[in-house]
Protein chains: 2
Amino acid sequence: MMNLNRLMALRKERNWSLQYVSDQLGMAKSTYAGYESGYRRPSLEAITAMADLFHTSVDYILGRVDEPGAYADQSNRQDEKTTVDLNNLESCMLSVDGQALSEEEIRQFIAFIKAKRELEQPARSK
Amino acid sequence: MMNLNRLMALRKERNWSLQYVSDQLGMAKSTYAGYESGYRRPSLEAITAMADLFHTSVDYILGRVDEPGAYADQSNRQDEKTTVDLNNLESCMLSVDGQALSEEEIRQFIAFIKAKRELEQPARSK
DNA sequence: CAATTATGTACGCGGAACGAGAACATTATT
DNA sequence: AATAATGTTCTCGTTCCGCGTACATAATTG
C-alpha cells in the first residue's frame, strides 16, 4: 500500500541513527522505527517534522513526487536573510575562491563539523 | 496549530458540496466535514486522496507551501539556487542540522578545502 | 578477547482519536 | 408551505498510535 520507503534512504544518506532522528523529532526511537518499517503510520505533524528535518517535502516522503528538494521548507521561506542548511545540498551552490564545491566536499565538511561538535559535547550521542 | 484551512477554500472554489467531496473520497460526509472544521485530522491516505481530487499537493493543503500547483515549479526552483562564496560570508548564514556555523568553523573549512586542492593538483601548484 | 555501549527490530498495553451514523439547524428548491 | 439539500455537532464502537520494554546484533572501548 502506501509505504514510506524513502524514509530509510533519507536517513542513511545522512548517516543518521534511529536514535538521532527520533531525538530530533521528539519521539521515541521505536515510534520512528515503526514508520520506516511500515509498522506504524506517522501523524500529519510527524510527517511534517520529518520533511523539515530531511529538508524535503511531504509529497516526496509519500511518493507522490520524485524530486526530493522540490519545495522550499519553512525555515528557508520565513527567514529574510538567506540561511542555508548544508544538509539541503540541492538548494545552494557553495564556492571557495570562485571555484564551486562538489557535493562530496560539502558532505566532508558536514562530517567534519559533526565530528568537531561530538568532541566538544562528549555526553551527547547521535 | 496545524489547521487545514485551505480545504474549504479548495472546495468552494469549485462550488462543491461536502456530500459530493466525501462521495468522491469514499468517506462519510461528517468525516470530511471534520477535516475542514479542524475537529478531525485526515489519515495520510485521506489527505493524499484530497490532494489528488483537488489537483494540488499535500504540502499545499498542510500549508507548507504557498503555491497550489507546486509540481510544475520543480525546474524553476533549481534555477533559483543561491550561490554563496565562502570568502564573503556577510550575506548569508550557514547551518548544519539547524545549528549555525561560526565564522571560525567556516575559516577552518576554507583552509581544509584549499589544502585538499593543493594535494590534488601537485603539478600545478607553486 | 571480554565487556560495554550503540544500533536496529519486534511486541504488548493504555489511551487517544478516527470514522461512521444520527440528529438537528439552516438554506435552497419546487 | 413542503421537501430536499447542505452544513454542523454529538455519541459510540473500534482502530491503531506512541511509548516503554525486551531482545539481537554490530560497534567500540579497555
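Note that the coordinates shown come from a computational prediction; the quantities given were computed from them, not determined experimentally. Convention: sequence-line order gives letters A, B, ...; per-chain numbering from 1.
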Problem set entry | Side-chain heavy atoms of P42(B) within contact of M50(B), under 4.5 Å | yes
Exercise. Reckon S37(B) touches a base, only the sugar-phosphate, or nothing at all at heavy-atom distances under 4.0 Å?
Worked result: nothing
For this session: Using atom types as modelled and distance alone, determine if a side-chain donor or acceptor of R40(B) lies under 3.5 Å from a backbone N or O of S30(B).
Result: no
For this session: Look at the side chain of Y39(B) and decide which nucleotide, out of dG7(D), dT11(D), dA20(C), has an atom nearest to it.
Result: dT11(D)
Exercise. Rounded to whole angstroms, how far apart are CG on D23(A) and C1' on dC19(D)?
Worked result: 14 Å
Problem set entry | Residue R40(B), side-chain atoms from C-beta onward, closest of dT6(D), dT9(C), dC18(C) | dC18(C)
For this session: Measure from the side-chain heavy atoms of K29(A) and tell me the nearest of dA22(D), dA20(C), dG18(D).
Result: dA22(D)
For this session: Select one nucleotide: of dT6(D), dC19(D), dA20(C), the one nearest the side-chain heavy atoms of Q19(B).
Result: dT6(D)
For this session: Have a look at Y35(B) and say if it touches a base, only the backbone sugar-phosphate, or nothing, with a 4.0 Å heavy-atom cut-off.
Result: sugar-phosphate
Seminar exercise, completed: Ranking dG7(D), dA20(C), dC19(D) by distance to the side chain of S30(B), first place goes to dA20(C)
Exercise. dT6(D), dC17(D), dT9(D): which one has an atom nearest the side-chain heavy atoms of R41(A)?
Worked result: dC17(D)
For this session: Would you kindly compare A33(B) and G26(A) by the position of their nearest DNA chain D nucleotide and give the one closer to the 5′ end?
Result: A33(B)
For this session: Would you check if F54(A) and E13(A) make a side-chain contact, meaning some heavy-atom pair closer than 4.5 Å?
Result: no
Exercise. Of the nucleotides dG12(C), dT6(D), dT9(C), which one has an atom closest to the side chain of L18(A)?
Worked result: dT9(C)
For this session: Kindly say whether R64(B) contributes a backbone atom to a donor-acceptor pair with the side chain of D59(B) at under 3.5 angstrom?
Result: no
